[in-house]
Engineer: 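Starting off with a structure, shown below.
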Amino acid sequence: GRRAIVTAGPTAEPIDPVRVITNRSSGKQGFAIAAALAELGAEVTLVAGPVFQPTPAGVTRVDVETARQMLAACEAALPADIAVCVAAVSDWRPRDAAAAKIKKTGDAPPGIDLVENPDILATLSKSPSRPRLVIGFAAETHEVEAYAQGKLAKKGCDWIVANDVVADPFGGDANAVAVISSSGVDRWERMPKSEVARRLAAKIAETFQ
Ligand code: CTP
């Protein structure tokens, strides 16, 4: 009966009507977490960037493309008890998407002026209707736990689930994560993403006992 918001997948930021800036996120881990929370009886809104994943049973899915759309969909899903931000949100977007396809001119390629996207995790963490438990992910290539600890404070969330994307590149089926909170670090052995999701959902449920 608890309400949960889960973000998943990449975002896609338009350059022009046919081109986007995006990343390699598959959405697998976020979709698995949405499924696991629903299996435990949560009312889940899954805000998904462009991915090829089936909608888990019992989950309300909202499809979005850009970071700004993802933030708006999350805010529309408030109030909630739990937010799990798994999406690989594009940090930047082109300042002005061209209205028409950009054509080659024979000169130098066009420069793309970037601006920063809103931070969905930080915004939900600071929201007046902040969910009681806000969880972020940290995909790092080095010094995984140190950067993740820093993100806890920077983003204002309760837990950070850190993983090493060198050991487990985007798109794979397994993850070795550490769950970091103010009360310490919980390191889990490498396991399928579906199992990471079930363990995380169980840990979330414990905090609401
Ligand atoms: N996140 C978000 N909105 C953004 C960027 C990130 O909600 N615009 C969330 C992700 O869903 C994840 C967490 O923030 O839960 C970590 O994101 P990450 O991009 O790794 O952190 P950054 O603060 O961007 O740090 P850096 O790029 O320096 O690693």
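When a ligand or atom number is given, it counts from 1 through the structure's own listing order.
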Engineer: Is Arg19 salt-bridged to Glu13, going by a charged N under 4.0 Å from an acidic O?
Structural biologist: no
Engineer: If you look at every heavy atom in Ala36 and Ala197, which pair is closest and at what distance?
Structural biologist: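 Closest approach of Ala36 to Ala197, heavy atoms only: CB-O, 3.6 Å.
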Engineer: Is there a side-chain contact between Ile21 and Trp92 in this structure, where contact means two heavy atoms from C-beta onward sitting under 4.5 Å apart?
Structural biologist: no
Engineer: Ignoring hydrogens and geometry, is there a side-chain-to-backbone donor-acceptor pair from Thr11 to Gly49 under 3.5 Å?
Structural biologist: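 It does not hold such a pair.
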Engineer: Kindly tell me which protein residues have any non-hydrogen atom under 4.0 angstrom away from an atom of ligand 1, grouped by chain and ordered by number?
Structural biologist: Cys85, Ala87, Val89, Asp91, Pro118, Asp119, Ile120, Leu121, Gly136, Phe137, Lys151, Lys154, Lys155
Engineer: Is Glu116 salt-bridged to Arg93, going by a charged N under 4.0 Å from an acidic O?
Structural biologist: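 Answer for the salt bridge query: no.
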Engineer: Does the ring of Phe208 carry Arg132 above it, NZ/CZ under 6.0 angstrom from centre and within 45° of its axis?
Structural biologist: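 Here Arg132 passes the 6.0 Å and 45° test against Phe208.
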